[in-house]
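Every chain is numbered from 1 and lettered A, B, ... according to where its sequence line falls, protein lines coming before strand lines.
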Amino acid sequence: MSLLSRFRKGGGEDGARVRIQRRKALAAVLWKRLPVIRAALLLVGLLWMVIIPLPMLSQGTYIDENALQPAQVTTYWNWDEVHRADRYLDQIEEWLQRNITSIEKADLLVTEFQKLGIPAATQHYSYTYGDKVVQGANAYAVFSSPRASGAEAMVISASWLSRAGEGDGTLNRRGVPTVLALAAFLKSKFTTHLYYSLWSKDIIFVLSDGYMEGMHAWLSTYHGSVQSNLHADPLIPSSGVIWTALNIDYPGHSFSHIGLFLEGLNGRLPNQDLANSVQLISRYTGGVPVLLYDQFDPSEFPSKDVLGLPAWLPESLKSNREFKEFAYRAKNVLRHVGYQGRGVASGVHGLFHQFRIDAITLYGEPAPGPHGFHAMGRVVESSLRTTNNLLERLHASFFFYIMTSPHTFLKIGKYLPSAILISVSMMFGGIGEWVGAGWRARAQERGEEKESEKSGSREVKWERQSRPLLPAVYIVLYTHAFGLAVFLALTRTPTLSPAITLPLFMLCLTSPMPILYSLRSLARPSSQVAIPTILKSTTLCLASTVISVTSVLNFSLAAITAVLLGIPLTLASSSPMLPVRTVKYLAYACLAFGWMLGLPGEMQRALWSWEILGVWFAPFVCLVYAPLVMQAGLVCLLPM
Amino acid sequence: MTLALKAIPLPLLLYVLGTVASSTPETFHEELTLRPLRDGKVISRFSFSTLLGGAIPRNPDVLDAGNTPQHYSLFPLGLGQVLREYAATELHLSLNSGKWEYDRWGYPDEQEVGTGAQLWAWIGDGGQATVDERWKGLRNALAGLFCASIGSLDDQRTTSPTLAFAPEGDLPAWPLPHHLRHATLPSENVCTENLTPFLKLLPCKGLSGLASLLNPHRLFDADWHGMSVHVSWRARRGVEVRLAFQAVFDPVRMSTDRKRDWSLQSIFDRTIPKACPIAESSRIAVELPKNEAYAVDPRPTSVQDGVAVYDTSQVNDLDVSLRWPLESVFSYPLDHPAEPLSQVSVQRTLKGTSQSRGQLSVSIANSLPSEIQAIYLETMPWHVQFYLHTLKIVVDGQARDDLLSDIAYTPPEPHGRPALLESVLTLPPNSTTHLDMEVMKSFLRYTEHPPDAQRGWDLPPAVLVNFTPGGRRQRLYTRTLLVDLATPDFSMPYNVIIMSCTLIALTFGMVFNLMTRKFVVVRLKKGEKASKEKAD
């Protein structure tokens, strides 16, 4: 007891006073420096984003899951299989010359599987999108591995259209024969009979129609999550839980490198172990160099300009090795951010991730040589053996990364803080505005002022004022509801032509009219004064929360949002002059909705991705991003 | 010795043998059936049955009485002791690996083809030990006898589906009834360590007779393989133990020239060196192809109904082969067979991708022009709970809830017992019936996760019992399923410990601070006023 009382007395009253004063002084310093702190956080965050491609931030890739054992097996794929693949290719060329329909083509592919003794079937599907109907037919086969229960499966797939040109009609000319020859190889190669029975999982061969849509129909039917605008046949030969998938994309005659494509829908990534394994296998078993996407490494081609650097850059910089390395990695990171931020898949493999399947695309970079079916087959065979080794799910921590080159990557701790710092800066700003809105400087009496000037301290009388939160919240709700209305208008319109988007844009510009009108009718003009400040506070807090929550789900989207919102939202402020206010507002409105007129193609693609594949980018822009910018615009527009 | 034998009067010698023969007339029969399939595969089935004539199962009431000595000459002693100790009247154990494809292979000769281990027994009630105690003992004894993890078929996996698993033999009319105990373990596989004790139960072991073909190197490389043990009692005859081994081979993949010709040598890598001398009957039955040119060698003892039979009770180095001499390369049949090999085909999948909910969907195709009554049995460990009220039956796009009748449902008990759904299903002719049920995936306690690799949880196969045109009860097993339950990242306990300790320390610090602090009003003197918090 005595100890406790002594403890209580501890500092004594003087000590407490000192402590309180110290705390107050610290708060005052922080408060005084708040704009500097905010600006510093914002700038450090933005700078961090710029230096993400620096080689010193990256580290070398490694295999985390010991069971994978990549590139450790003898491969049996040989020239017989290359010959067989060539025969399949001849057959497909012949079908193409006959100009057969996709349904006939799927039937013929199924016959090829049945000739090998593998149960196969077709799946017809049709999407209704607006007033259009997209139809097609998939062919797939299930190789039930002997002795296995069929509870687990791996997928080898090839879409009919290649990702080269994002499904603009380039055929995956040699990807489909590779899958067929692989099926024949696994089923019937005599030298493989010794390990024919070692597969621990069923192997499903999927030859999907179209680019994305065929595989999407197949996968959603397989997992029983068919959306309302899709009609697809049920899958009769079925198998178990799919663990991994390899998508083969080989459009050209030969290839020089294998490109790895990782990004999936809504920013999902496959487990990095899979990409690392394939990278090692490709290098050591297939003897094929690996690319990230289809981006060549300047260190491999020192004499060629593979980066496509802008012409205005000085020649000394262009030939600088360090700069070229930085530019190479920056291109890869920007490519990644472009796919992940918009939520689009960089290949057909991207559809798998939503079903917890690790999948990547192996892209044969078209070139005059030197590699062909022989190398591709060996890489795929060895990769299958590697994924066949899996006894358990790949490790949970290996889904957060940014690849800067095929064999270097950034861990989450090296890139996540950049967006978080911007978000923290905005949150400080929001809280600062909220505190500031509660105080009002009172005009001081003349004599008092003089006295204070004499004493040298700037004494200002502050008095509390009420903070009208509700009107600000109504404005926030209104802008988000307006965003929803815009989104519905865009999705319900069958064809989006400038004749529709232009009036819609004008409507967006005039959307604050009801707010201005209702604010004018507010009885108390004194409270109206603080509304822009309160609104700015809520907007900043909301945007900060959105960025920090999104950053762990889809870092690229969070980064794009942080870059687009960080400075504009921080700088938004009202002005006494109406023309200035209007100009500022129009600038924000263009930032919010300008994509309607400026990027019609991008908008069409995003809406298509939402309708068919369920990509959240379009709703995110309409319901979250644009309303937040509009709120900043209203901060500018509302009178002080 | 011969002199001594001669010294015994002949009538006396006959008398001794006669009493032995009449008290326990044990007989041993062995049979191998080989059936080529349309897709070039060959089903082989070994069946070894030992009959203990005149014996009756032990009444559990006399379990406490002292043990009487057991003398068997052919009947497997190891199994006999287990049956006596736990007074099991009927017992069926199967250990299988692979997935039986009814559509392409037809109905199996041994119908217990569910993936993994399955054990079911009819046990009489009575005596000191309860049925469940004896079921537990039986499991553990069989686990030891066959080197399998049947011991883990605990209460969380045991059910009593009496409709689907009716006794195959007779049950003695004791005052107290018999009870069924049934359990499956889908992740258990059969391998060499199970075959060795299996062979030890045979009177000729693997040395002679048909059992000499049981070459583990080949059997366990087969596309499908499984062994089973069946004990049943026939009122007039006695207790019968039947050991069976079934395997599906693929001669096409084993041949260099891609032909489907096979012989015992090519399939088993062995021939039959000599007959088992104590077998009452021993035969090989080869089902001959229909409407095709074939050559079977050597000449069979007899041919009946397209089945070539070889009597192997007197053989010396026998190798049976079946060839298709006109065929240079085997080509797989292309279109769907006009006559499906099984009239009913079942497909069961678990859909849905979340870790909390899913959908169990079963589709059953009846290709017969007549209606079929079938028993549908679903046993689920409590990890996956299905909601019976969400059960929907759809035939050709129309809801047909009337097709399901006589529903017996035992709800699951979390951390305790599995769910059991047993009902009679009417399958309309030439149609596919879809059953859909919503399921909920449980959240496990952390100690309930196995210490193995995290690949998910195997769910036992559903069973559909229908009656074949011959009137035989035919059990169909579906594929097993794998379900992903929410799993913590077990490789990160260190991080978790650090995190939780930090939180506890912070909470404690704050609470302790508040509890020991004295709150007083401190007046700041005018002169030492800190800079005003609202400076600008």
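Looking at A:Q354 and B:T353, their side chains never bring a donor and an acceptor atom within 3.5 Å of each other.
The shortest non-hydrogen separation linking B:L482 to A:V241 is O-CG2, 3.3 Å. Nearest heavy atom pair, residue A:G117 against residue B:R104, reads O-NH1, 3.8 Å. Residues A:D202 and B:K99 share a closest heavy-atom pair of OD2-NZ, 3.7 Å.
Counting heavy-atom pairs closer than 4.5 Å to chain B, the top residue among A:P237, A:A67, A:G150, A:A148 is A:A148.
Looking at B:D250, the atoms closer than 4.5 Å to chain A (heavy atoms on both sides) all sit in the side chain, from C-beta outward. With a threshold of 4.5 angstrom between heavy atoms, A:I20 approaches chain B through side-chain atoms but not through N, CA, C or O. For B:A365, no part lies under 4.5 angstrom from a heavy atom of chain A. Of the atoms belonging to B:S331, not a single heavy atom falls under 4.5 Å from chain A. Interface remark: A:S149 contributes backbone and side-chain atoms alike to the contact with chain B (heavy atom separation under 4.5 Å). If you measure heavy-atom distances from A:L26 to chain B, you find no contacts under 4.5 Å at all. At a 4.5 Å heavy-atom cutoff, the contact between B:S97 and chain A is made by backbone and side-chain atoms alike. Neither the backbone nor the side chain of A:L30 has a heavy atom closer than 4.5 Å to any heavy atom of chain B. For A:P234, no part lies under 4.5 angstrom from a heavy atom of chain B. Interface remark: A:Y222 contributes backbone atoms only to the contact with chain B (heavy atom separation under 4.5 Å). Of the atoms belonging to A:S220, not a single heavy atom falls under 4.5 Å from chain B.
Going from atom OG of A:S144 over to atom CZ of B:R479 covers 9.0 Å, rounded to the nearest 0.5 Å. Distance check, rounded to the nearest 0.5 Å: NZ of B:K351 to OG of A:S238 gives 7.5 Å. Taken from CD in A:E152 to CG in B:L481, the straight-line distance is 12.0 Å, to the nearest 0.5 Å.
Side-chain atoms of A:R393 never come within 3.5 Å of backbone atoms of B:R455 as a donor-acceptor pair (strictly under, hydrogens ignored). For the pair A:R147 (side chain) and B:W224 (backbone), a donor-acceptor distance under 3.5 Å is absent.
Under the rule for a ring-ring contact (aromatic ring centres under 6.0 Å, His included), B:H434 has no partner lying at least two apart in sequence or in another chain.
At most 12 non-hydrogen atoms from other residues, nucleotides or ligands lie less than 6.0 angstrom from OH of B:Y446.
Of residues 355-363 of chain B, those residues with a non-hydrogen atom less than 4.5 Å from any non-hydrogen atom of chain A are, in numerical order, B:Q355.
Between A:P146 and the choices B:D223, B:D221, B:V248, the side chain to side chain contact (heavy atoms under 4.5 Å, CB included) rule is met once, by B:D223.
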